[in-house]
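Scroll down for the structure; my scribbles are underneath it.
Side-chain atoms are counted along with the backbone in the values below, which use heavy atoms only and exclude waters and symmetry mates.
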Amino acid sequence: MTSNFKINTPYLLEIDGKLFYYDTDNFGEIRIEGSTITNLRYISKGLEGNQITCICKHNNRYYCTTQTGVFYIEENTLKRINTIVI
């Protein structure tokens with residue numbers, strides 16, 4: 001028996017002391033404070049349909065490399081889609 005169900009594994013990385021993750025064309029930040037875990041998912045406009053391969057930061061920009069090119073997001077324009085608190 002085979003399954004067509006696919007589970008994407010998020011990649012974790014540390015940038016400026018913050019824990020970021022990315023998975024396909026989504027990325028966000030995970031904050032752990034005491035017993036509270038918060039998932040901050042960011043808007044990734046322009047990355048739709050592009051497989052993120054890495055994220056890094058230089059000066060005030062976050063750069064996302066993909067299989068089709070490099071995209072950047074200014075730190076002061078980084079906006080959340082949602083916040084999930086566990």
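- Between Ile52 and Thr24 the shortest side-chain heavy-atom distance does not fall below 4.5 Å.
- Contact of the Phe27 side chain with the Ile55 side chain is registered, since non-hydrogen atoms from C-beta on lie closer than 4.5 Å.
- The side chain to side chain donor-acceptor pair (under 3.5 Å) search around Glu74 returns Arg61, not counting sequence neighbours.
- For OH of Tyr72, the number of neighbouring non-hydrogen atoms (other residues, nucleotides, ligands) closer than 6.0 Å is 12 at most.
- Here the closest heavy-atom approach between residue Cys64 and residue Leu47 is recorded as SG-CD1, 4.0 Å.
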- Evaluate side-chain contact (heavy atoms from CB on, under 4.5 Å) for Ile30 paired with Ile37, printing each intermediate quantity in order. CA-CA 7 Å; Ile30 296 173; Ile37 300 172; 3.9 Å; yes
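- Although no hydrogens or angles enter the test, the distance criterion places no donor-acceptor pair under 3.5 Å between the side chain of Tyr22 and the main chain of Gly28.
- Between Glu33 and Arg31 no salt bridge is recorded (no basic side-chain N to carboxylate O distance below 4.0 Å).
- Taking hydrophobic clusters as Ile, Leu, Val, Met, Phe, Trp and Tyr residues chained together by side-chain heavy-atom distances below 4.5 Å, Tyr11 shares a cluster with Tyr62.
- Annotation: side chain of Asp25 is in contact with side chain of Glu48 (closest heavy-atom distance under 4.5 Å).
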For residues 12-21, which side-chain N or O atoms pair as donor and acceptor with protein atoms under 3.5 Å away, sequence neighbours left out?
residue	atom	partner	partner atom	Å
Glu14	OE2	Gly17	N	2.4
Asp16	OD2	Lys57	NZ	2.8
Tyr21	OH	Asn39	OD1	2.9

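- The side-chain heavy atoms of Thr66 and Phe71, taken from C-beta on, include a pair separated by under 4.5 Å.
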